[in-house]
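Remarks on the structure that follows.
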Amino acid sequence: MFNDTIAAISTPLAAGAVSIIRLSGDEAISIANKIFSRDLQKQTSHTIAHGFIQEDGTPIDEVLVSVFKAPKSYTCEDVVEINAHGGPFITRKILELTLKAGARLAKPGEFTQRAFLNGRIDLSQAEAVEQMVEASNTAQAKSAITQIRGSVSRILEPMIERLLNIIASIEVNIDYPEYDDVEVMTHENLLPEAKVLLNEVNQLLALSKRSQQLNQGIETVIVGKPNVGKSSLLNSLLDEEKAIVTDIPGTTRDIVEGQIQVGSVVLRLSDTAGIRESEDLVEQIGIRKSQSLLERAQLVLLVLDGSRPLEAEDRELLDATQNSNRIILVNKQDLKTEIEFDETLEYIPVSAANHDLSKLIDELERRFEIMDTPYEQSLGSERQIGLLENARNDIMRAIEAMEAEIEPDLIEIDLKEGHRHLKEILGEVHQDDLLEALFSNFCLGK
Ligand code: GDP
Ligand code: ZN
């Protein structure tokens, strides 16, 4: 498909590390051969040769060279990977030698692009390769690796098939209305099928959005009146001095943020100034900000001071967060307990200043454990979710049209659009599939 051979350094350029120079294309082996001390043409696929990279006959680095012959390689082309030891300077030198020997410098992502265009991976897998590289937490990495393994096409294939069958039924009726052995398309027949499909798509959407959420992290706010230990809690959780801890009530006006990973879940934490009446304008802004944060929050950590009796402000916050997904923390466990609950509230004792948060961590792990692995059953990018939403809307429109007993050709337009959107997720849009499904599922030729 491509007639040039590309080369690039596939590892970060850092001193001391092993680095890999990768080549892909028809000439990959012959180019590498020109600069290697041994004959790579004789090398069996998927084996490693030990030798030297040479410049004008002079060895410049001792290397291991892996050969992957087409089509069983990352790109479906001949691929050569040179494992070099010589540090950034030598690595660049080797790349230069491959370019001199006839390779072209690869553009970013070009190896993966070739893998996609040569049909080895679909678009969702190509996307996942990038996400894998950019992953900054295990949730993201997990989601990427399941996608790379082809989970998205496995999820979508049955839905696409179901949709094609509905389209095929409609088409048969439009094209061959006189055939009496063709199952007569009625709204009663197709409507249930379409509803099953809609249901599947909706479930997939819900799961995908949830795993996206896990991927991006759970928006978590820490609230509590001044001086209960919010900043200390955040600090202790983040284990760094990002929030300023002070003894003067109401001094944390700015929302301070950070991320922590609990199990496979990332919490995006924000500390807020206390939510309370205030004369101070600056403080008011902080308070308004925290109120809107509270509304957006997916998890609220409400901090109470265990060394002092419950106050009106605490009660207000208990009320305000009643319907939130919240965890009540009673802080300063190291001090004498003065707090008393008039209600039977479930709470978790902690001591932020002493980094004693194990009960909180346990609770977080328990809460998010069940949310752990929807990745295998979900899509993994905004692009994919957006297209799935489009497909869902197409199917919904088709269902409405069926219910209104509108002309089949008009219903078909929406369904075909839905089909196109589903296929686009995988990066392929083929009208041929429609024909294939039509003829494999219906015996018209008898
Ligand atoms: P915030 O206003 O809610 O952010 O509270 P801070 O984190 O600034 O803490 C207020 C005061 O309480 C500081 O003097 C902290 O050192 C103290 N403090 C916080 N957590 C604890 C704790 O677990 N035990 C004790 N004894 N003091 C704490
Ligand atoms: Zn604070």
Side-chain angles (χ1 to χ4, degrees), residues 217-260 262 267-322 324-341 345-365:
I218 310 280
E219 198 76 49
T220 306
V221 299
I222 303 173
V223 291
K225 72 182 178 199
N227 244 17
V228 291
K230 297 182 296 297
S231 308
S232 310
L233 175 70
L234 180 69
N235 259 312
S236 179
L237 282 171
L238 295 178
D239 211 22
E240 60 179 44
E241 299 299 306
K242 213 171 169 189
I244 302 151
V245 184
T246 146
D247 269 320
I248 310 153
T251 40
T252 310
R253 281 156 189 155
D254 284 331
I255 290 155
V256 190
E257 297 171 327
Q259 293 193 10
I260 56 163
V262 179
L267 301 188
R268 296 154 64 88
L269 295 161
S270 321
D271 176 18
T272 67
I275 299 177
R276 55 178 194 148
E277 303 296 313
S278 171
E279 310 265 296
D280 183 335
L281 188 65
V282 185
E283 195 161 85
Q284 273 180 4
I285 293 167
I287 289 164
R288 216 175 303 136
K289 239 170 151 185
S290 26
Q291 265 160 347
S292 80
L293 260 183
L294 203 56
E295 280 154 26
R296 279 212 327 261
Q298 295 165 292
L299 175 67
V300 175
L301 302 180
L302 171 55
V303 187
L304 303 171
D305 185 340
S307 70
R308 295 171 59 189
L310 213 58
E311 288 173 3
E313 233 176 296
D314 298 314
R315 287 185 220 280
E316 271 169 37
L317 283 170
L318 281 165
D319 271 356
T321 56
Q322 220 168 30
S324 310
N325 178 25
R326 79 171 171 195
I327 297 176
I328 300 170
L329 299 174
V330 176
N331 190 31
K332 310 195 187 180
Q333 284 303 302
D334 50 306
L335 302 178
K336 187 170 177 295
T337 306
E338 294 293 345
I339 198 167
E340 266 179 45
F341 292 109
L345 283 175
E346 270 189 53
Y347 67 89
I348 292 173
V350 290
S351 179
N354 300 307
H355 301 277
D356 179 6
L357 302 172
S358 59
K359 292 206 173 83
L360 170 61
I361 301 292
D362 287 348
E363 172 64 15
L364 291 171
E365 276 173 358

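Order of listing sets the numbers, starting from 1, for every ligand and every atom in it.
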For this session: Within a distance under 4.0 Å of any heavy atom of Ser351, pick out the atoms of ligand 1 and give their elements.
Result: 22 (C), 23 (O), 24 (N)
For this session: Using a 4.0 Å heavy-atom threshold (strictly under), name the region of Asn227 that reaches ligand 1: side chain, backbone, both or neither.
Result: both
Exercise. For Leu317, does its backbone N or O pair with a side-chain atom of Thr321 as donor and acceptor, under 3.5 Å?
Worked result: yes
For this session: Would you check the N or O atoms of Pro226, main chain and side chain alike, for any that come under 3.5 Å of an N or O of ligand 1?
Result: no
For this session: Ignoring hydrogens and angles, tell me if any N or O in the side chain of Arg326 forms a donor-acceptor pair with the backbone of Leu318 under 3.5 Å.
Result: yes
Exercise. Should Glu313 and Arg315 count as an ion pair when the cut-off is N to O under 4.0 Å?
Worked result: no
For this session: Report, in ascending order of atom number, the atoms of ligand 1 lying under 4.0 Å from any heavy atom of Leu335.
Result: 26 (N)
For this session: Answer yes or no: is there a donor N or O on one side and an acceptor on the other, between the side chain of Asn331 and the main chain of Leu304, under 3.5 Å?
Result: no
Exercise. Hey, are Arg268 and Glu219 close enough for a salt bridge, meaning a charged N less than 4.0 Å from a carboxylate O?
Worked result: yes
Problem set entry | Close N or O approach (Leu233, ligand 1; < 3.5 Å) | no
Seminar exercise, completed: So the atoms of ligand 1 within less than 4.0 Å of a heavy atom of Lys230 turn out to be 1 (P), 2 (O), 3 (O), 4 (O), 5 (O), 7 (O)
Exercise. Does Asn331 approach ligand 1 within less than 4.0 angstrom via side chain, backbone, both or neither, non-hydrogen atoms only?
Worked result: side chain
Exercise. Just by distance, do the side chain of Lys230 and the backbone of Gly224 share a donor-acceptor pair under 3.5 Å?
Worked result: yes
For this session: Hey, could you give me the CG/CG distance between Asp356 and Asp334, rounded to the nearest 0.5 Å?
Result: 8.5 Å
Problem set entry | Ala353 N/O under 3.5 Å from ligand 1 N/O | yes
Exercise. Which atoms of ligand 1 sit under 4.0 Å from any heavy atom of Ser232?
Worked result: 6 (P), 7 (O), 9 (O), 15 (C), 19 (C), 20 (N)
Exercise. So which bit of Val228 gets within less than 4.0 Å of ligand 1, heavy atoms only: side chain, backbone, both or neither?
Worked result: both
